[in-house]
Amino acid sequence: MTRYKEEYDVALVVLGFDRMFRDLAEGLAKKGLRVLVVAASRSYKNPKEVFVSERISDKLMIERVEIPELNKNKLLEKLLFFYFFSKRLKGVLREKGIRLFIAPLMPLLIPYKTLQFSKMTKKPFLFILEDLVPDTWIRRERFSEKHPFVRLIKRQTRSLLLDSRKVVVIGRDMREYIEETYKVPEENIVFIPNWANSSEKLETNGEEQKFEVLYGGTIGEAQKLDTLIGAARVLQERKVDINIKIVGDGMEKKNLQEIVKRENLKNVQFCELVPEREFRKLMMQTSVLVVTLREESKGMSVPSKLYTYLTAGKPILAIVPEGSELDMEIKEDQFGISVSGNSPELIADAIIKLKEDKEFRERAGINALKAFETKYNDVIAVDKYYEVIKQLLEEKK
């Protein structure tokens with residue numbers, strides 16, 4: 001007796017079903033595609049938070065893969081989280097009839113397992129490249145290129161890039177890198193930047209009380225916030241009255257706090273992580289929003305927080321490599337200042353420019369909101385993904 005299989009146009013395989021992938025899944029379902037989302041039963045960030053499978057509509061199903069409680073901050077448990085998900089993924093996919101598979105990198109192992117299953121069933125695979133590993137680890141000298149684990153991941157990444165029917169990159173610098181380094185054919189690469197949800201647009205609710213610069217998010221090695229602390233030192237030495245607020249947590253937070261205390265910097269304030277709603281209020285009360293990217297991360301990733309920042313209609317200070325995606329976007333749409341290199345003096349100069357030139361600051365804020373409304377929102381992004389998916393599905397008819 002043949003067992004009935006539920007039929008889906010698209011299977012989106014993700015570890016965590018966060019806002020952006022929810023936008024994508026719901027948007028594709030609204031366009032009439034039958035979408036299956038396969039995600040972990042536990043939150044990656046908070047493993048005590050448990051989710052169950054649920055049918056959102058007749059076009060959208062979320063299937064949860066059972067995962068034990070594991071701590072992502074412990075390397076072995078983090079890898080076990082990825083392993084359990086990838087190991088149990090095949091059993092979930094085998095029970096469905098799927099025409100097209102989609103998976104992002106990160107996390108590790110999971111997109112490669114999805115690619116293997118797509119090959120086995122002779123269905124196309126769409127690969128979303130968000131963070132390029134292990135290349136970024138090698139550049140930042142976290143691992144040797146000869147490390148056995150790095151070599152394994154490198155082989156998987158190469159296969160994902162070369163065997164996928166299409167590769168979506170979130171940065172044009174990423175496209176350039178994979179064309180040159182991995183020899184991915186230009187026609188197989190599609191550039192679709194990340195986005196913020198249209199409902200996130202913020203309403204202005206009064207003027208900020210004091211000129212303030214705000215950074216929100218992870219405080220880790222990848223963010224390289226020591227240059228921002230260096231700029232605070234320069235501002236204090238120049239006796240410029242500007243406050244820098246850093247909201248979030250991460251492995252480098254304690255080190256940065258010690259630097260601020262040791263150097264008696266009065267213009268830097270650290271705050272704990274706050275709920276999204278409260279952070280959005282902070283964005284409206286600040287003057288400038290900061291996004292950072294290490295020099296070594298050019299072509300490797302694009303900080304997605306920028307697109308949420310744009311919804312606030314505030315100017316952006318980007319401390320990013322020249323020629324990186326964010327550097328290009330700021331110069332194209334004129335919504336702030338991009339500073340490359342690791343010069344605290346240049347960063348301080350940019351902050352002073354934003355404070356003293358009110359006309360420039362207000363124009364940059366208007367341009368930020370315009371860029372969100374015309375280029376970097378979920379409606380536009382879903383339309384672009386839909387066109388790629390429709391093309392791939394039609395090829396298989």
Side-chain angles (χ1 to χ4, degrees), residues 5 7-17 20-21 24-25 28 33-40 44 63 65 67 79-137 148-170 174-175 177-179 181-192 300-301 385 388-396:
K5 288 187 176 183
E7 299 290 328
Y8 292 95
D9 296 306
V10 174
L12 175 60
V13 181
V14 291
L15 191 67
F17 191 39
M20 291 190 65
F21 288 121
L24 180 57
L28 294 175
L33 295 178
R34 294 159 296 174
V35 181
L36 171 70
V37 175
V38 184
Y44 178 61
E63 189 86 26
V65 177
I67 302 292
L79 292 174
L80 283 173
F81 198 112
F82 299 160
Y83 172 77
F84 281 126
F85 187 95
S86 61
K87 191 74 173 175
R88 295 168 182 176
L89 174 63
K90 188 175 179 180
V92 174
L93 297 178
R94 191 187 292 119
E95 296 174 353
K96 317 293 183 183
I98 299 164
R99 297 176 62 199
L100 171 73
F101 295 87
I102 306 175
L105 183 70
M106 299 275 285
L108 303 174
L109 308 176
I110 296 163
Y112 183 68
K113 287 288 185 181
T114 310
L115 172 66
Q116 286 183 314
F117 191 84
S118 75
K119 286 181 175 180
M120 185 181 75
T121 55
K122 298 181 180 179
K123 303 296 182 182
F125 179 75
L126 176 61
F127 181 41
I128 303 176
L129 185 60
E130 292 189 310
D131 292 284
L132 189 53
V133 293
D135 304 58
T136 186
W137 301 340
F149 180 67
V150 170
R151 292 171 70 178
L152 168 67
I153 300 303
K154 184 83 169 182
R155 285 196 300 271
Q156 291 192 2
T157 298
R158 185 178 300 279
S159 180
L160 284 161
L161 289 168
L162 296 177
D163 296 343
S164 300
R165 183 61 192 85
K166 292 285 184 183
V167 177
V168 171
V169 295
I170 61 172
M174 300 175 82
R175 176 173 62 193
Y177 180 84
I178 64 172
E179 281 182 8
T181 305
Y182 287 91
K183 309 304 178 188
V184 181
E186 181 182 358
E187 62 271 18
N188 286 1
I189 305 172
V190 183
F191 167 56
I192 305 178
M300 304 285 122
S301 63
Y385 271 99
V388 175
I389 290 167
K390 186 171 69 170
Q391 175 192 340
L392 295 179
L393 291 177
E394 288 173 352
E395 284 180 2
K396 294 301 291 183

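- In this structure the side chain of Val168 reaches within 4.5 angstrom of the side chain of Tyr385, judged on heavy atoms.
- For the atom pair Gln156 CD and Ile110 CD1, the distance stands at 10.5 Å (nearest 0.5 Å).
- Shown here for Lys96 and Leu36, the closest heavy-atom pair between the two residues is CG-CD2, 3.8 Å.
- Between atom NZ of residue Lys123 and atom CG of residue Leu93 there is a gap of 13.5 Å, rounded to the nearest 0.5 Å.
- Within the model, atoms CG of Leu108 and CZ of Phe82 stand 5.5 Å from one another, a figure rounded to the nearest 0.5 Å.
- Rounding to the nearest 0.5 Å places CG of Leu126 at 6.0 Å from CG of Leu100.
- When all heavy atoms are compared, the tightest approach of Lys166 to Leu392 is CG-CD2, 3.8 Å.
- The existence of a salt bridge linking Arg158 and Asp163 is excluded, since no basic side-chain nitrogen approaches an acidic carboxylate oxygen closer than 4.0 Å.
- With contacts defined as side-chain heavy-atom distances shorter than 4.5 Å, the pair Met300/Asp135 qualifies.
- The NZ atom of Lys119 lies 12.5 Å from the OG1 atom of Thr114; values are rounded to the nearest 0.5 Å.
- At a threshold of 4.5 Å between non-hydrogen side-chain atoms, the residues Thr136 and Asp131 do not count as touching.
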What donor-acceptor contacts under 3.5 angstrom involve side-chain atoms of residues 9-17, with partners at least two apart or in another chain?
| residue | atom | partner | partner atom | Å |
| --- | --- | --- | --- | --- |
| Asp9 | OD1 | Arg34 | NH2 | 2.8 |
| Asp9 | OD1 | Arg99 | NH1 | 2.9 |
| Asp9 | OD2 | Arg34 | N | 2.8 |
| Asp9 | OD2 | Arg34 | NE | 3.2 |

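- A distance-only check finds no donor-acceptor pair linking the side chain of Lys154 to the backbone of Phe149 [under 3.5 Å].
- Remark: Phe117 engages Phe101 in a ring-ring contact (aromatic ring centres under 6.0 Å, His included) (not counting sequence neighbours).
- When every heavy atom of Tyr182 is checked against every heavy atom of Leu162, the shortest pair comes out as O-CD2, 3.4 Å.
- Using a 4.5 Å heavy-atom cutoff, the side chains of Val184 and Phe127 are not in contact.
- Here the closest non-hydrogen pair linking Phe125 and Ser118 is CB-OG, 3.5 Å.
- With rounding to the nearest 0.5 Å, the separation of OG1 in Thr121 from CZ in Arg94 is 11.5 Å.
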Between Ser159 and Leu115, does a side chain to side chain contact (heavy atoms under 4.5 Å, CB included) hold up when you go through it step by step? CA-CA 9 Å; Ser159 180; Leu115 172 66; 3.6 Å; yes
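- No side-chain heavy atom of Leu33 sits less than 4.5 Å from a side-chain heavy atom of Lys390.
- Across all their heavy atoms, Leu160 and Pro111 have their closest contact at CD2-O, 3.5 Å.
- Side-chain contact check for Asn188 versus Arg165: some heavy-atom pair is nearer than 4.5 Å.
- Ile389 has its side chain within reach of Ile102: a pair of non-hydrogen atoms, C-beta onward, lies under 4.5 Å apart.
- At a threshold of 4.5 Å between non-hydrogen side-chain atoms, the residues Tyr177 and Leu132 count as touching.
- For CD of Glu187, the number of neighbouring non-hydrogen atoms (other residues, nucleotides, ligands) closer than 6.0 Å is greater than 12.
- In this structure, Ser164 contributes its side chain and Leu161 its backbone to no donor-acceptor pair below 3.5 Å.
- Here the closest heavy-atom approach between residue Val169 and residue Arg175 is recorded as CG2-CB, 3.9 Å.
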